[in-house]
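Beneath this line is the structure, given in structure tokens, with notes to follow.
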Amino acid sequence: MRRYSGYIKYIAGYIIVSIMILAGISAVYALDVEYNVRMDAIDASSAPFATEENATKSCEDSCSFPMPAFDISNANFANFTLEYEKSGSYSIYFDSTGNEFTQDPNDDIIVELTKKPTAINCNDNKCDKECVTCSDKRCHEPGFECKESVTIENIFPNTADIGVTQLNILLKNTGTVDLTDIYTEVSGDGISTIDVTPIASLVSGDKDYVFLKMNATKTGNIDLVIKLFTNGVLKDKTFGQITIVGDKPAVIPDEGINVSQLSAKLNEAKARYNDIEQQYESKKAAGYVVDLIYDKIKETGKG
């Protein structure tokens with residue numbers, strides 16, 4: 001008998017746990033429903049009158065709710081009508097008629113969920129198909145607007161000498177999407193871009209500098225065309241102005257002293273001098289009068 005008693009307790013515990021689990025599961029699908037019950041009636045003097053009651057109930061699957069309490073003591077005839085927004089998530093009807101009309105003031109109101117609500121996960125761990133995914137692969141709640149936008153906050157300097165100058169261009173991500181590989185190019189009359197250091201990544205709302213080297217060949221107030229790129233794609237084109245002043249002196253490149261070349265020329269000159277001196281000695285031995293040019297040869301040797 002004791003063995004059967006323990007078995008009964010085990011079964012009872014299992015049933016209770018199962019009910020709790022099922023209740024927890026169904027609670028996940030609870031939905032708030034709202035409806036209105038209108039009573040149209042005729043009083044003892046045959047005058048029509050109407051009143052209505054609004055109700056909001058929470059239903060987990062299929063629910064039954066009592067009719068609102070109406071005062072029908074002075075009514076000879078009354079109709080009751082259910083009114084609710086046909087959202088497609090649930091249906092509501094009177095129990096006795098199966099539709100939205102009844103004459104029974106004690107009728108029950110039945111609510112049946114036709115679509116069970118489920119939670120939508122829009123985060124880094126799970127991104128459901130109802131979520132919005134932007135170009136930066138970030139997951140957002142439904143209705144989120146993906147906006148890629150970057151603006152120029154400042155350009156420094158606004159005056160430069162002719163030649164090569166570094167421009168520091170401050171950019172701000174004014175959109176809702178994180179951007180990568182952001183850079184600029186400038187052009188104008190006599191102005192060209194020769195090198196750019198891009199911004200690797202710019203989070204929405206943040207600011208950072210693009211460093212750009214430009215070459216200017218003309219002076220004056222020069223109108224600039226500034227192009228903004230992200231990942232190699234032109235995103236915006238705007239305009240600015242810079243003043244180019246003065247002339248930088250031409251700098252002759254220092255090529256250094258070519259020692260090998262100078263040594264070769266010196267050796268060549270020495271060889272020619274030795275050759276001329278030998279010819280002098282030969283002519284002198286042969287009886288030619290060459291004393292008049294000897295002094296010239298000696299002066300060349302000293303040089």
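For the numbers below, each heavy atom of this structure counts, side chains included, while hydrogens, waters and symmetry mates do not.
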Check: Among Glu83, Glu52, Glu53, which residue meets the side-chain hydrogen bond (donor to acceptor under 3.5 Å, both in side chains) test with Arg38?
Finding: Glu83

Margin query: Counting only heavy atoms not in Glu130 (residues, nucleotides, ligands), do more than 12 fall under 6.0 Å from its CD?
Written below: yes

Item checked: Distance-minimising heavy-atom pair for Thr133 and Cys127 -> OG1-SG, 3.5 Å

Checklist line | Of Phe211, Tyr209, Phe229, the residue whose pairing with Tyr183 passes ring pair (Phe, Tyr, Trp, His ring centres under 6.0 Å) | finding: Phe229

Check: Above 12 or not: heavy atoms from other molecules or residues under 6.0 Å from CZ of Phe156?
Finding: no

Next item on the list: Flag the pair Met214 / Ile242 as yes when at least one side-chain heavy-atom distance between them is below 4.5 Å, and no otherwise.
Entry: yes

Notebook entry, point to check: So, does Asp43 use its side chain to make a donor-acceptor pair with the main chain of Ser45 at under 3.5 Å?
Noted result: yes

Check: Between Glu148 and Ser135, is any side-chain donor less than 3.5 angstrom from a side-chain acceptor?
Finding: yes

Notebook entry, point to check: Side chains of Thr197 and Leu212: does their closest heavy-atom pair fall under 4.5 Å?
Noted result: no

Checklist line | Modelled atom types, side-chain donor and acceptor of Ser149 and Thr174, under 3.5 Å | finding: yes

Checklist line | Check against side-chain contact (heavy atoms from CB on, under 4.5 Å), Leu113 and Ser89 | finding: CA-CA 6 Å; Leu113 300 188; Ser89 299; over 6 Å; no

Notebook entry, point to check: Going through the checks in order, is the side-chain contact (heavy atoms from CB on, under 4.5 Å) test met by Ile92 and Ile109?
Noted result: CA-CA 7 Å; Ile92 307 177; Ile109 299 170; 3.5 Å; yes

Check: Would Asp189 and Lys218 pass as an ion pair if we require N to O under 4.0 Å?
Finding: yes

Margin query: Applying disulfide bond (SG atoms under 2.5 Å apart) to Cys131 and Cys122, what does each step give before you reach the verdict?
Written below: CA-CA 6 Å; Cys131 306; Cys122 301; 2.0 Å; yes

Note to self: Can you give me the closest heavy-atom contact between Pro157 and Leu167, atom names plus distance?
What the structure shows: O-CD2, 3.6 Å

Next item on the list: Could you tell me whether the side chain of Lys57 reaches within less than 4.5 Å of the side chain of Cys63, counting heavy atoms only?
Entry: no

Notebook entry, point to check: Do Tyr35 and Glu85 have side-chain atoms, one donor and one acceptor, less than 3.5 Å apart?
Noted result: no

Notebook entry, point to check: Any sub-3.5 Å donor-acceptor pair from Thr176's side-chain atoms to Lys147's backbone N or O?
Noted result: yes

Notebook entry, point to check: Which heavy atom of Met39 sits nearest a heavy atom of Ala78, and at what distance?
Noted result: CG-CB, 4.1 Å

Next item on the list: Could you pull out the closest heavy-atom pair between Val210 and Thr184, with the gap in Å?
Entry: CG1-OG1, 3.6 Å

Margin query: Could you tell me if the side chain of Leu82 sits less than 4.5 Å from the side chain of Phe94, heavy atoms only?
Written below: yes

Margin query: Can you confirm whether Thr56 sits close enough to Val33 that some side-chain heavy atom of one is under 4.5 Å from a side-chain heavy atom of the other?
Written below: no

Notebook entry, point to check: Does a salt bridge link Glu100 with Lys86, judged by any charged N lying under 4.0 Å from a carboxylate O?
Noted result: yes

Notebook entry, point to check: Given Thr102, which of Thr81, Asp95, Asn79, Asp107 fulfils the side-chain hydrogen bond (donor to acceptor under 3.5 Å, both in side chains) condition?
Noted result: Asp107

Margin query: Could you check whether any side-chain heavy atom of Leu179 comes within less than 4.5 Å of a side-chain heavy atom of Asp136, counting everything from C-beta outward?
Written below: no

Notebook entry, point to check: Is Asp128 reaching over with its side chain to a backbone N or O of Ile120, donor-acceptor style, under 3.5 angstrom?
Noted result: no

Checklist line | Side-chain heavy atoms of Leu171 within contact of Ile182, under 4.5 Å | finding: yes

Notebook entry, point to check: Taking it one step at a time, do Arg138 and Asp178 satisfy salt bridge (Lys or Arg N to Asp or Glu O under 4.0 Å)?
Noted result: CA-CA 9 Å; Arg138 299 291 300 274; Asp178 297 345; 3.3 Å; yes

Notebook entry, point to check: So is Lys237 actually on top of Phe239's ring, under 6.0 Å and inside 45° of the axis?
Noted result: no

Notebook entry, point to check: Hey, does Leu228 have a side-chain heavy atom less than 4.5 Å from the side chain of Ile152?
Noted result: yes

Checklist line | Whether Ser201 side chain and Thr180 backbone form a donor-acceptor pair below 3.5 Å | finding: no

Next item on the list: Decide yes or no on side-chain contact (heavy atoms from CB on, under 4.5 Å) for Met67 and Phe80, but give the supporting numbers first.
Entry: CA-CA 10 Å; Met67 177 81 79; Phe80 300 91; 4.1 Å; yes

Next item on the list: Assess whether atom CG of Asn215 is packed by more than 12 heavy atoms of other residues, nucleotides or ligands within 6.0 Å.
Entry: yes

Margin query: Is a donor from one side chain sitting under 3.5 angstrom from an acceptor on the other, for Gln241 and Asn221?
Written below: no

Checklist line | Donor-acceptor pair, side chain of Asp32 and main chain of Glu34, under 3.5 angstrom | finding: no

Check: So, for Thr219 and Ile222, which heavy atoms are closest and what is the spacing to 0.1 Å?
Finding: O-CD1, 4.1 Å

Checklist line | Smallest separation among heavy atoms of Asp181 and Pro198, with atom names | finding: OD1-CB, 3.9 Å

Next item on the list: Apply side-chain hydrogen bond (donor to acceptor under 3.5 Å, both in side chains) to the pair Thr243 and Asn158, showing each step before the final yes or no.
Entry: CA-CA 6 Å; Thr243 301; Asn158 54 20; over 6 Å; no

